[in-house]
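Quick note: numbers below take in every heavy atom, side chains included, and nothing from hydrogens, waters or symmetry partners.
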Amino acid sequence: MKGMIILVVALLIGYAGFTGMKQFKTNGDFAERVVHELNFVDENSMDSVKQDLVTDAKKLRIDLTPDNIHIKYEDTEQRTEAQHLVGNRLDVTFVNKLVTITVDYVQPILGIPFHKEITQSHIRQIQAPRKEPSPEMKQLLDSGAQ
């Protein structure tokens, strides 16, 4: 009888471990999809990005609705390291947006619901600085165009 109990407990622990590892991989794969979708967010595409995430979640067997996806697309003064270096050297400013996607969902393990949250963000440059040519350069360009 003791041997049977030990076998059942070992099987339960093994199944729970296998299910936990599978859910861990699923979470990682879905987090990668969220990072991928950061590149497609703008003022007009938030609904389509939400729908794409719902579709990706369904493929990974995650039950998700668009109401559980929160997208922010807001102005930011933050700059990337490259922008910082170039901006200081050339004395130019960049226009950036901070894109943040937060996804809340429930993932059951052995019938016990666990709440998961994935938050990913990215700084996107929406306008590159343009340096005005010097008056001499303008004159040279104007004379060459004639």
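- A salt bridge is absent between Lys116 and Asp104; no separation between the charged side-chain nitrogens and carboxylate oxygens falls under 4.0 Å.
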Inset, instruction - Determine, stepwise, if the pair Leu53 / Val34 fulfils side chain to side chain contact (heavy atoms under 4.5 Å, CB included). - result: CA-CA 7 Å; Leu53 284 172; Val34 172; 3.9 Å; yes
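- Between Lys97 and Asp75, some side-chain heavy-atom pair lies under the 4.5 Å cut-off.
- Comment: Arg33 does not engage Asp29 in a salt bridge, judged by the lack of any side-chain N to carboxylate O separation of less than 4.0 angstrom.
- When all heavy atoms are compared, the tightest approach of Pro66 to Lys50 is O-CD, 3.8 Å.
- With values rounded to the nearest 0.5 angstrom, Leu7 atom CG is found 10.0 Å from Leu12 atom CG.
- Residue Thr55 holds its OG1 atom at 6.0 Å from CG of Asp52, rounded to the nearest 0.5 Å.
- Taking CD of Gln120 as the reference point, atom NE2 of His36 lies at 13.5 Å (rounded to 0.5 Å).
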Inset, instruction - Under the side chain to side chain contact (heavy atoms under 4.5 Å, CB included) rule, what do Val95 and Gln125 come out as? Steps first, then yes or no, please. - result: CA-CA 6 Å; Val95 178; Gln125 179 178 316; over 6 Å; no
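- Taking all atoms of both residues into account, the shortest heavy-atom contact from Val106 to Pro113 is CG1-CB, 3.5 Å.
- Other residues, nucleotides and ligands contribute at most 12 non-hydrogen atoms within 6.0 Å of the CD atom of Glu77.
- In this structure, CD in Gln23 is found 7.5 Å from CD1 in Ile62, a value given to the nearest 0.5 Å.
- For the residue pair Ser45 and Ser48, the shortest heavy atom distance occurs at O-OG, 2.9 Å.
- The same ILVMFWY cluster, assembled from side-chain heavy atoms under 4.5 Å apart, contains both Ile5 and Ile13.
- Thr26 contributes no side-chain N or O that, together with a main-chain N or O of Leu60, makes up a donor-acceptor pair within less than 3.5 Å.
- For Tyr105 against Asp63, the heavy-atom pair with the smallest separation is CB-O, 4.2 Å.
- The two atoms that bring His122 and Asn39 nearest to each other are NE2-OD1, 4.1 Å, heavy atoms only.
- Note: Ile71 CD1 to Glu74 CD = 12.5 Å, rounded to the nearest 0.5 Å.
- Atom OH of Tyr15 sits in a sparse spot, with 12 or fewer heavy atoms from other residues, nucleotides or ligands closer than 6.0 Å.
- Both Phe40 and Ile101 are members of a single hydrophobic cluster when ILVMFWY side chains are connected at heavy-atom separations under 4.5 Å.
- How far OG1 of Thr19 is from CD1 of Ile112: 11.0 Å, rounded to the nearest 0.5 Å.
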Inset, instruction - Decide yes or no on side chain to side chain contact (heavy atoms under 4.5 Å, CB included) for Leu64 and Asp56, but give the supporting numbers first. - result: CA-CA 10 Å; Leu64 184 65; Asp56 291 338; over 6 Å; no
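- With sequence neighbours left out, Gln78 forms a side chain to side chain contact (heavy atoms under 4.5 Å, CB included) with Thr76, Leu98, Ile123.
- Counting non-hydrogen atoms of other residues, nucleotides and ligands closer than 6.0 Å to CG of Asp47 gives a total of 12 or fewer.
- For Tyr73, there are no ring pair (Phe, Tyr, Trp, His ring centres under 6.0 Å) partners, not counting sequence neighbours.
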